[in-house]
Undergrad: 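Before I ask anything, here is the structure I am working with.
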Amino acid sequence: MTEINHRRADHPIHSIFLERWSPRAFTGEAVSEEELLALFEAARWAPSASNLQPWRFVYARRGTEHFAKLLSTLDEGNQRWAKNASALVIILSRTHRVTSTGEIRPAYTHAFDTGAAWFALALQTQLAGWHAHAMAGVDRERAIEVLGVPEHYRVEAAVAIGRIADPSTLPDDLRAREKPSQRKPIGEFVFEGDFKGE
Ligand SMILES: Cc1cc2nc3c(=O)[nH]c(=O)nc-3n(C[C@H](O)[C@H](O)[C@H](O)COP(=O)(O)O)c2cc1C
């Protein structure tokens, strides 16, 4: 069965799923606006409940005035390495929808749908020769303030996008963790007929 990045699939799948991983060592080289927009284009075509498309992306390219602002919304542990990304992205989702009668109601699947969009972006990033690394370590209140996020949006996560660099460029503790991770066996999370987990 397919083995890539020391990851072995037990069933036949496309190689992209094993190739994609989340490095922290980035070269810091420039990414063009066009290259970035192509990544968001992939996210655009993600499926969502009622086609509400609740995802929102705020990005900053390295070398622009926006980069330091987005970097400042990340936890210190993430800033240490994400500062070398070519672009940073804050992913938000619209938590509410407007019904046909004009009522504002919670959108039950806003996070689920936005997760689908993030993964479309992650796969397209990999296909384009870059890497994407998601981060939950974000100061959400700060992000809301500095990005000017209105009501009814949730800050979901941040993403660092960059060209992978040699692990030797990382501080010692991060270098030791710089390798593609493994996964639980399918039997631990896939059940036929009824729920068998704890
Ligand atoms: C929603 C989400 C939040 C994450 N938060 C962080 C984070 O704050 N810092 C970090 O270094 N990695 C973070 N990661 C990366 C995960 O640790 C990583 O995706 C996971 O270990 C699987 O490894 P892989 O992406 O290399 O396959 C996050 C990933 C996701 C999807």
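As the structure lists them, so they are numbered: ligands from 1, and atoms in each ligand from 1. In this chain, numbering begins with 1 at the start of the sequence shown.
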Undergrad: At what distance is the nearest protein heavy atom to atom 27 (O) of ligand 1, and which residue and atom is it?
TA: Arg7 NH2, 2.6 Å
Undergrad: For atom 5 (N) of ligand 1, state which one of Ala136, Gly77, Gly115 supplies the nearest heavy atom.
TA: Ala136
Undergrad: Under 4.5 Å between side-chain heavy atoms, hopping through other hydrophobics if needed: is there a path connecting Leu123 to Phe57?
TA: yes
Undergrad: Among protein heavy atoms, which sits nearest to atom 28 (C) of ligand 1, and what does the distance come to when rounded to 0.1 Å?
TA: Ala134 O, 3.1 Å
Undergrad: State the atoms of ligand 1, each with its element, that fall below the 4.0 Å cut-off from a heavy-atom position in Gly137.
TA: 8 (O)
Undergrad: Below 4.0 angstrom, N of the basic side chain to O of the carboxylate: do Glu41 and Arg44 qualify?
TA: yes
Undergrad: What protein heavy atom is closest to atom 22 (C) of ligand 1, reported as residue, atom name and distance in Å?
TA: Ser181 OG, 3.4 Å
Undergrad: For Trp21, take its heavy atoms, then give the atoms of ligand 1 lying under 4.0 Å from any of them.
TA: 26 (O)
Undergrad: Quick one: nearest non-hydrogen protein atom to atom 9 (N) of ligand 1, plus distance?
TA: Asn78 OD1, 2.8 Å
Undergrad: When rounded to the nearest 0.5 angstrom, what is the spacing between CG in Leu92 and CG in Leu147?
TA: 7.0 Å
Undergrad: Given the protein's heavy atoms, is any one of them under 4.0 Å from atom 16 (C) of ligand 1?
TA: no
Undergrad: Where is the tightest heavy-atom contact between Leu88 and Ala82, given as atom of each residue plus distance?
TA: CD2-O, 3.9 Å
Undergrad: Counting only heavy atoms closer than 4.0 Å, does ligand 1 sit against the backbone of Arg24, its side chain, both, or neither?
TA: side chain
Undergrad: With ring centroids as reference points, do Trp81 and His133 lie under 6.0 angstrom apart?
TA: yes
Undergrad: With no hydrogens and no angle check, do the side chains of Glu156 and Ser93 hold a donor and an acceptor under 3.5 Å apart?
TA: yes
Undergrad: Are there over 12 heavy-atom neighbours, none belonging to Lys196, within less than 6.0 Å of that residue's NZ?
TA: yes
Undergrad: Give the residue, atom name and distance (to 0.1 Å) of the protein heavy atom nearest atom 25 (O) of ligand 1.
TA: Ser22 OG, 2.4 Å
Undergrad: Below 4.0 Å from any atom of ligand 1, is there a heavy atom belonging to Arg183?
TA: yes
Undergrad: Checking a contact table here: which protein heavy atom is nearest atom 12 (N) of ligand 1, and how many Å away?
TA: His133 NE2, 2.8 Å
Undergrad: List every atom of ligand 1 that sits less than 4.0 Å from any heavy atom of Arg20, numbering the atoms from 1 in the order shown and giving each element.
TA: 24 (P), 25 (O), 27 (O)
Undergrad: Just by distance, no angles: are the side chains of Arg97 and Thr99 close enough, under 3.5 Å, to form a donor-acceptor pair?
TA: no
Undergrad: Looking at Asp173 and Arg80, is any side-chain nitrogen of the basic one under 4.0 Å from a carboxylate oxygen of the acidic one?
TA: yes
